Visitor: 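This is the structure, below, for whatever I ask next.
All values derive from a computational prediction rather than experimental measurement. Chain letters run A, B, ... following the sequence lines, proteins first and then strands; every chain starts at 1.
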Number of protein chains: 2
Amino acid sequence: MAPQPTDLLQGTLDVLILKSLAWGPRHGYGIAKWLEDTTDDTLVIEEGSLYPALYRMERKGWIEAEWGMSELGRKAKFYALTAAGRSRLREEIAAWRRFSVAVAKVLGADGRG
Amino acid sequence: MAPQPTDLLQGTLDVLILKSLAWGPRHGYGIAKWLEDTTDDTLVIEEGSLYPALYRMERKGWIEAEWGMSELGRKAKFYALTAAGRSRLREEIAAWRRFSVAVAKVLGADGRG
DNA sequence: GGTAATTACCTAGATCGTCAAGGTATACGG
DNA sequence: CCGTATACCTTGACGATCTAGGTAATTACC
């Protein structure tokens with residue numbers, strides 16, 4: 001277990017997926033690869049986490065799926081943000097900011113109080 | 001549900017608790033209050049999350065408990081970091097840094113690649 | 001004197017996201 | 001022809017958190 005992907009992903013996967021679709025549709029495999037590339041493999045998305053998350057988000061109306069062909073000529077299911085998904089993305093980014101600022105306050109606190 | 005405490009706490013509670021003990025023992029109630037105060041109620045620690053977390057961490061040898069008296073003269077169980085807990089705290093802070101940097105990369109990415 | 005709020009602890013049960021580990025199928029490179 | 005990469009999916013278990021209860025002592029208020 002070399003890069004030890006932490007449990008920190010919990011609750012954050014959605015916003016990462018939504019963000020990966022912000023500039024256009026991607027297929028599932030491409031979402032995972034993009035996230036891994038963008039974070040230099042700090043974030044590794046297991047397929048057993050990815051696909052259930054995609055279904056969940058599709059049920060909630062944040063993304064829409066359509067079958068198509070990948071860049072390499074293979075059958076692939078492309079996901080696109082809906083209007084609701086775009087608005088949800090904004091909310092989740094704001095929530096992440098609030099949260100990470102709060103954690104930073106704790107980790108940088110001096111122990112008084 | 002006014003301030004909507006997110007699910008983002010997942011996987012982060014341990015490091016927050018460990019950090020709250022970095023300058024000396026606190027009792028459970030005090031840990032929760034300190035975290036809420038320090039983050040202006042952005043992070044709200046439910047007691048049903050807190051006490052199980054404390055037991056878990058005690059079992060793992062990161063913290064030690066001792067009964068004593070609170071500042072207000074009530075019976076209270078004080079938790080203190082062990083050497084293992086201190087080292088664990090350092091690791092978890094480093095993991096959090098890696099993780100939040102990675103998320104920032106994703107949320108700040110320009111969509112290329 | 002009664003009662004609400006605060007302090008301080010604890011637990012059982014349910015929920016829900018993630019992971020581990022399996023599976024299918026096609027295409028490409030050696 | 002066999003391994004690797006691409007691309008999808010599912011089942012089952014795990015485990016952390018939350019909900020919603022409970023106890024008990026003290027303080028504040030009316």
Visitor: Shortest non-hydrogen contact from A:Leu18 to A:Trp62?
Guide: CD2-CB, 4.2 Å
Visitor: Taking the side chain from A:Lys19 and the backbone from B:Leu107, do they hold a donor-acceptor pair closer than 3.5 Å?
Guide: yes
Visitor: Between B:Leu54 (CG) and C:dC10 (P), how many Å, whole number?
Guide: 8 Å
Visitor: Return the 5'-most residue of the pair A:Arg56, B:Lys77 with respect to DNA chain C, ranking by each residue's nearest nucleotide.
Guide: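 Comparing both residues, the 5'-ward one is B:Lys77.
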Visitor: Counting heavy atoms from C-beta on, name the nucleotide in D:dT10, D:dT17, D:dA7 closest to the side chain of A:Ala76.
Guide: D:dA7
Visitor: Considering just the side-chain nitrogens and oxygens of B:Ser70, establish if one lies under 4.0 Å of OP1 or OP2 belonging to C:dA8.
Guide: yes
Visitor: Grab the CD-P distance between A:Glu46 and C:dG17 for me, whole Å please.
Guide: 17 Å
Visitor: 5'-most contact on DNA chain C: A:Ala53 or B:Gly30, nearest heavy atom basis?
Guide: B:Gly30
Visitor: Is there a donor and acceptor pair closer than 3.5 Å between the side chain of A:Arg74 and the base of D:dA7?
Guide: no
Visitor: Separation of A:Trp67 atom CH2 from D:dA7 atom C1', in whole Å?
Guide: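 Rounded to the whole Å, the gap is 8 Å.
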Visitor: Of A:Gly48 and A:Gly73, whose closest DNA chain D nucleotide lies nearer the 5' terminus?
Guide: A:Gly73
Visitor: For B:His27 and C:dT7, what is the distance between atoms NE2 and P respectively, to the nearest whole Å?
Guide: 10 Å
Visitor: Can you find a side chain N or O atom of B:Tyr51 that sits less than 4.0 Å from OP1 or OP2 on D:dT17?
Guide: no
Visitor: Would you kindly give the OH-to-P distance between A:Tyr29 and D:dA5, to the nearest whole Å?
Guide: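 Rounded to whole Å, this separation is 8 Å.
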Visitor: Roughly how many Å is it from CG in B:Asp37 to P in C:dT7, rounded to a whole number?
Guide: 10 Å
Visitor: Starting from C1' on C:dA20, measure out to CD on A:Glu47 and report it in whole angstrom.
Guide: 12 Å
Visitor: Rounded off to whole Å, could you give me the CG-to-P distance for the A:Leu72 and D:dC8 pair?
Guide: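 These atoms are roughly 12 Å apart.
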Visitor: Would you give the length of the straight line joining atom OH of B:Tyr79 to atom CD1 of B:Ile31, rounded to the nearest 0.5 angstrom?
Guide: 7.5 Å
Visitor: Please tell me whether B:Phe78 and B:Ile45 are part of a single hydrophobic cluster in this structure, the criterion being side-chain heavy atoms less than 4.5 Å apart.
Guide: no
Visitor: Categorize A:Tyr55 for me: base, sugar-phosphate, or nothing, with a 4.0 angstrom heavy-atom threshold over every strand shown.
Guide: sugar-phosphate
Visitor: Using the six-membered ring wherever Trp is involved, compare the ring planes of B:His27 and B:Tyr29 and label them parallel, tilted or perpendicular (cut-offs 30° and 60°).
Guide: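 Aromatic pair B:His27/B:Tyr29 classed parallel.
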